[in-house]
Every structure is written in C-alpha cells, then in structure tokens.
Amino acid sequence: MYAKLALAIACLSHCTAPTVATVGVDVSQAVSKSVWECLETPGGQGAIEFAIPRVYKSGGSVDTTGVASIGNALSAGIKYVDGYVFPCE
C-alpha cells in the first residue's frame, strides 16, 4: 500500500514540476524600437528575453536592417541580443 502511495506521489511531483523556458525571437526583417517594446510587454507566451536578428545575408552581404534591429532591441531594453549569420547561397 505504501509503495503504491509513494509511487503515486513521485509521479505527481514529476508531472507537476515547474519548467523553465526563455521566450525570444529571431528575425530577418527590420524591427523598430516600438515593435521590440511591444514584444517585451507580457502577453501570450510572456515578455521576450532575447532577440537574434540576421546580420549577414546568404548573398554575401551585411544585412543593415539586422544591424539596425540589434540597436533597436538594445534601446528597447531586450535582455539578451545577438545576431545570426546566413553564410550560404
């Protein structure tokens, strides 16, 4: 009897354990400061904590909209900001 109760408690505690997730986005289009601020406000999945704009295009050039999006994300107060490179055609 106690073994079944212990097993049931173990299953319940495992199934109801909190999960930790971070919400963020990667983007390949220009994103303004006001849009980052909107994404940062809680709603849906919660406020985003990271942003990863594209900073290098597959055609072999710097993506200036991605560079601007990084500056806008930092200005909006996004916690973690990085860039990604798309090096292949």
Side-chain angles (χ1 to χ4, degrees):
M1 165 119 176
Y2 290 113
K4 288 182 182 179
L5 181 59
L7 180 60
I9 291 172
C11 286
L12 278 175
S13 66
H14 179 70
C15 294
T16 61
T19 57
V20 177
T22 302
V23 178
V25 295
D26 74 60
V27 295
S28 60
Q29 300 295 318
V31 180
S32 67
K33 180 181 176 185
S34 62
V35 171
W36 287 122
E37 289 171 340
C38 178
L39 289 169
E40 193 178 21
T41 55
Q45 293 291 317
I48 64 167
E49 293 184 43
F50 70 86
I52 308 173
R54 180 182 66 191
V55 294
Y56 197 80
K57 297 179 184 181
S58 61
S61 62
V62 172
D63 186 343
T64 57
T65 61
V67 175
S69 292
I70 285 176
N72 291 336
L74 291 169
S75 294
I78 304 297
K79 192 172 183 179
Y80 303 105
V81 182
D82 210 336
Y84 76 88
V85 174
F86 197 160
C88 302
E89 283 194 57

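- What you find for Lys33 and Ala76 is that their closest heavy atoms are O-CB, 3.9 Å.
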Step-by-step side-chain contact (heavy atoms from CB on, under 4.5 Å) determination, Trp36 to Ile48 | CA-CA 9 Å; Trp36 287 122; Ile48 64 167; 3.8 Å; yes

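- Of all non-hydrogen atoms in Ala47 and Val23, the two that sit nearest each other are O-CB, 4.1 Å.
- Each of Val25, Ile70, Val67 was compared with Pro53 under the side chain to side chain contact (heavy atoms under 4.5 Å, CB included) criterion, and only Ile70 meets it.
- One finds the CG atom of Asp63 at 11.5 Å from the CZ atom of Phe86 (value rounded to the nearest 0.5 Å).
- Ser61 places no side-chain N or O within donor-acceptor distance of the main-chain N or O of Lys57, the cut-off being under 3.5 Å.
- Between Ser69 and Gln29 the shortest heavy-atom distance is OG-O, 3.7 Å.
- Nearest heavy-atom pair, Gly83 versus Val55, reported as atom, atom and distance to 0.1 Å: CA-CG1, 4.0 Å.
- Going from atom CD1 of Ile78 over to atom CD1 of Ile52 covers 12.0 Å, rounded to the nearest 0.5 Å.
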